[in-house]
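All figures in this text were calculated on a predicted structure; none of them were measured in a lab. Computed over heavy atoms, backbone and side chain alike; hydrogens, waters and symmetry mates excluded.
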2 protein chains.
Amino acid sequence: MSQTVADLRVERKPKLSETVVAAIRKQLLAGEVPPGQKLPTEGQLTETFGVSRTVIREALAKLAADGLVEARQGAGVFVSEHISTTFGVLAADMGAKDSVALNVLEVRLAIEIESAGLAAIRRNAAQEAAIQEAFFEFERLLLASQPTGPADLAFHRAIASATNNPFYVEMLDVLGRRAIPCDVTSPWSTELVQSDEYQRGLQREHLVILNAISAGDAEAAREAMRTHLTRSQQRYRERLQARQAYYANSLKAASTE
Amino acid sequence: MSQTVADLRVERKPKLSETVVAAIRKQLLAGEVPPGQKLPTEGQLTETFGVSRTVIREALAKLAADGLVEARQGAGVFVSEHISTTFGVLAADMGAKDSVALNVLEVRLAIEIESAGLAAIRRNAAQEAAIQEAFFEFERLLLASQPTGPADLAFHRAIASATNNPFYVEMLDVLGRRAIPCDVTSPWSTELVQSDEYQRGLQREHLVILNAISAGDAEAAREAMRTHLTRSQQRYRERLQARQAYYANSLKAASTE
DNA sequence: TATTATGCAGTTGTATGATGACTTTCGAAA
DNA sequence: TTTCGAAAGTCATCATACAACTGCATAATA
């Protein structure tokens with residue numbers, strides 16, 4: 001059997017344990033269980049997630065491998081102490097103000113540039129496929145005139161994941177939630193974000209990154225990611241100004257009524 | 001029940017899966033199974049190691065999490081194509097804590113590289129002076145044969161501060177507290193860290209960074225910081241190995257008594 | 001009373017068997 | 001030769017049981 005282009009879009013069904021890992025990780029990063037605190041028992045998690053204990057155990061093992069939790073036989077599974085001192089504090093301090101958002105975006109830039117370089121070196125086949133998958137998904141959504149935000153996020157997340165350093169993913173999760181501008185509901189972004197030209201440009205930049213990573217060229221990958229993100233920064237700034245102008249106008253309009 | 005000195009070093013009884021992970025990882029890194037090749041089935045491994053499938057599966061999951069192998073349902077478990085030796089080799093005998101520390105250090109690397117570049121562009125006179133000040137302080141302490149750790153930290157902190165992005169400083173503080181190896185009480189670090197030659201090397205690298213920032217050359221500053229930190233990573237890895245050797249020796253000494 | 005020993009309930013670690021889902025192989029049929 | 005499908009091999013998941021360990025309450029002891 002030959003390999004077609006479609007095969008590259010590996011739509012590999014995620015393992016149950018991966019779903020559980022994602023869910024628990026999200027909760028932990030959100031600080032729903034304080035560090036040092038005990039997680040629900042495997043039995044309880046079995047009920048809440050509706051899967052067998054095997055799956056729960058595999059998920060917890062993965063989280064333990066990432067250093068997020070520690071299991072103590074006879075006692076329970078506990079959230080690692082350091083995790084939230086690293087990321088919780090950070091998340092707590094970040095207000096949603098714009099000046100902050102720009103600064104956060106800048107930190108994210110640092111993280112992602114290095115991610116791209118490491119991904120080029122360390123990625124495995126599945127991880128590379130995941131990046132490609134996100135790329136094609138973006139393409140598909142673009143052709144279907146649907147919001148591409150999720151695919152964009154997935155693309156960057158897949159790259160972070162390909163570093164094989166879980167902290168990069170976590171950083172991106174924490175930072176990205178605030179910094180990624182994909183607010184399709186707001187009036188100032190619909191025009192900009194959803195314009196085909198805008199998204200085509202994004203996709204062109206994505207392609208350069210993807211090629212560099214596939215080629216295993218760390219230097220090129222970093223450079224491609226740098227130009228992509230600095231341009232995104234620029235676009236974000238422009239959008240902020242557009243929004244301010246919009247508000248100014250609506251205020252003026254309201255006052256004249 | 002009191003905790004004796006021995007308790008501190010003994011660590012807990014290793015799980016069976018950890019033993020299996022270590023064994024398989026050793027074989028993989030020794031190249032006994034070529035990349036892309038299929039591993040023995042879970043059933044065979046069960047017999048080989050004399051443990052249950054549960055344990056084998058947990059071990060394989062751990063290896064997959066580290067990116068060493070990939071499981072394909074219905075086909076088998078395969079060795080990853082690109083076993084990054086640098087990454088894998090050290091992960092081989094490393095506890096989870098060390099692995100986490102290295103990952104955090106890697107994130108810090110991303111942050112600091114970008115800091116250097118931004119500092120080169122955005123620094124003001126006072127900030128540049130602060131960086132120089134830290135540099136000279138390092139020099140002074142070195143000549144006086146005093147611990148240079150604080151000055152080193154101050155140097156990096158001053159650079160982060162010169163980005164005029166408070167988050168860089170905050171990130172550095174949070175990450176640095178965990179990742180900076182300044183364990184002067186431990187026997188394996190005193191020799192290495194405090195050697196004049198070692199610190200002279202640091203200072204040479206610092207100088208390159210300082211010059212690049214003063215010249216306003218962002219690209220050069222990033223590059224200088226990158227080499228500085230990657231070398232630091234390397235030194236840190238070597239120190240981990242030295243520590244392992246130390247423990248191995250002390251264990252051997254203890255067993256011959 | 002104060003301290004130690006004991007037992008119990010809860011939790012994680014491991015073993016075992018069964019079933020579903022998926023991949024590969026290989027032979028039969030067109 | 002090519003195509004199709006059946007069957008074997010393999011991983012994924014479930015369910016159950018028992019062993020090992022922890023924390024805590026209670027009883028036994030000095």
Side-chain angles (χ1 to χ4, degrees), chain A residues 1-4 6-24 33 36-80 124-126 129, chain B residues 1-4 7 10-24 33 36-80 96:
Chain A
M1 163 178 165
S2 71
Q3 193 170 11
T4 70
D7 291 335
L8 287 177
R9 302 190 183 189
V10 277
E11 231 162 82
R12 150 170 132 348
K13 178 178 121 191
K15 299 206 303 183
L16 288 185
S17 62
E18 290 171 0
T19 313
V20 175
V21 163
I24 297 182
V33 184
Q37 201 71 17
K38 185 172 157 302
L39 261 64
T41 70
E42 295 177 351
Q44 290 171 317
L45 290 174
T46 295
E47 284 190 4
T48 52
F49 285 101
V51 296
S52 76
R53 194 169 155 227
T54 307
V55 174
I56 295 294
R57 279 190 59 78
E58 193 160 323
L60 290 177
K62 165 72 173 165
L63 290 171
D66 290 351
L68 281 177
V69 303
E70 299 169 21
R72 299 212 307 263
Q73 182 175 189
V77 181
F78 299 81
V79 182
S80 289
N124 63 29
Chain B
M1 179 189 101
S2 74
Q3 196 170 17
T4 71
D7 292 335
V10 151
E11 302 243 340
R12 71 206 194 306
K13 175 179 127 191
K15 300 204 301 184
L16 287 185
S17 62
E18 290 171 0
T19 313
V20 175
V21 163
I24 296 182
V33 184
Q37 201 70 18
K38 184 173 158 304
L39 261 63
T41 69
E42 294 179 349
Q44 290 170 316
L45 290 174
T46 296
E47 284 189 6
T48 309
F49 288 99
V51 295
S52 74
R53 277 205 321 282
T54 309
V55 174
I56 295 295
R57 277 191 61 77
E58 193 158 321
L60 291 177
K62 164 73 173 165
L63 289 171
D66 290 349
L68 284 177
V69 303
E70 300 169 30
R72 299 212 312 262
Q73 181 175 185
V77 181
F78 298 82
V79 182
S80 285

- Query: Considering only side-chain heavy atoms of T54(A), which listed nucleotide, dA21(C), dC14(D), dT14(C), is closest?
  - Reply: dC14(D)
- Message: Categorize T41(B) for me: base, sugar-phosphate, or nothing, with a 4.0 angstrom heavy-atom threshold over every strand shown.
- Response: sugar-phosphate
- Item | Nucleotide of dT13(D), dT12(C), dC22(C) approaching Q73(A) most closely (side-chain heavy atoms) | dT12(C)
- Item | Side chain of K15(A) (C-beta onward), nearest among dC11(D), dA12(D), dA15(C) | dA12(D)
- Report the distance from atom CG of L45(B) to atom C1' of dA15(C), rounded to the nearest whole Å. 16 Å
- Query: With nearest nucleotides of DNA chain C determined for R53(B) and E58(B) from heavy-atom distances, which residue corresponds to the more 5′ nucleotide?
  - Reply: E58(B)
- So which nucleotide from dT12(C), dT16(C), dT22(D) ends up closest to the side chain of A75(A)? dT22(D)
- Item | Distance, rounded to the nearest Å, where E42(B) contributes CD and dT14(C) contributes P | 16 Å
- Task: Could you note down all residue pairs passing salt bridge (charged side-chain N to carboxylate O under 4.0 Å, His left out) where residues 38-47 of chain B supplies at least one of them, sequence neighbours left out?
- Result: E42(B)-R57(B)
- Considering only heavy atoms and no angle criterion, is a donor-acceptor pair shorter than 3.5 Å present between the side chain of R72(A) and the base of dG23(D)? no
- Message: Donor-acceptor check, side chain of E58(B) to backbone of V55(B), threshold 3.5 angstrom: yes or no?
- Response: no
- Query: Can a side chain N or O of R57(A) be found less than 4.0 Å away from OP1 or OP2 on dG13(C)?
  - Reply: yes
- Item | For V69(A) against L60(A), the heavy-atom pair lying closest together | CG2-O, 3.9 Å
- Query: Does S80(A) reach the main-chain N or O of L68(A) with its side chain, forming a donor-acceptor pair under 3.5 Å?
  - Reply: yes
- If each of G74(A) and L16(A) is mapped to the nucleotide of DNA chain D with the nearest heavy atom, which maps nearer the 5' terminus, i.e. the 5' end? L16(A)
- Message: Rounding to an integer number of Å, can you tell me how far F49(A) CZ sits from dT13(D) P?
- Response: 14 Å
- Message: Between I24(A) and F49(A), is there a side-chain heavy-atom distance shorter than 4.5 Å?
- Response: yes
- Task: Please report, rounded to the nearest Å, how far the P atom of dT11(C) is from the CG atom of L60(A).
- Result: 14 Å
- dT12(C) P sits how many Å from Q44(A) CD, rounded? 9 Å
- Item | Pair of N/O donor and acceptor under 3.5 Å linking dA15(D) base with S52(A) side chain | no
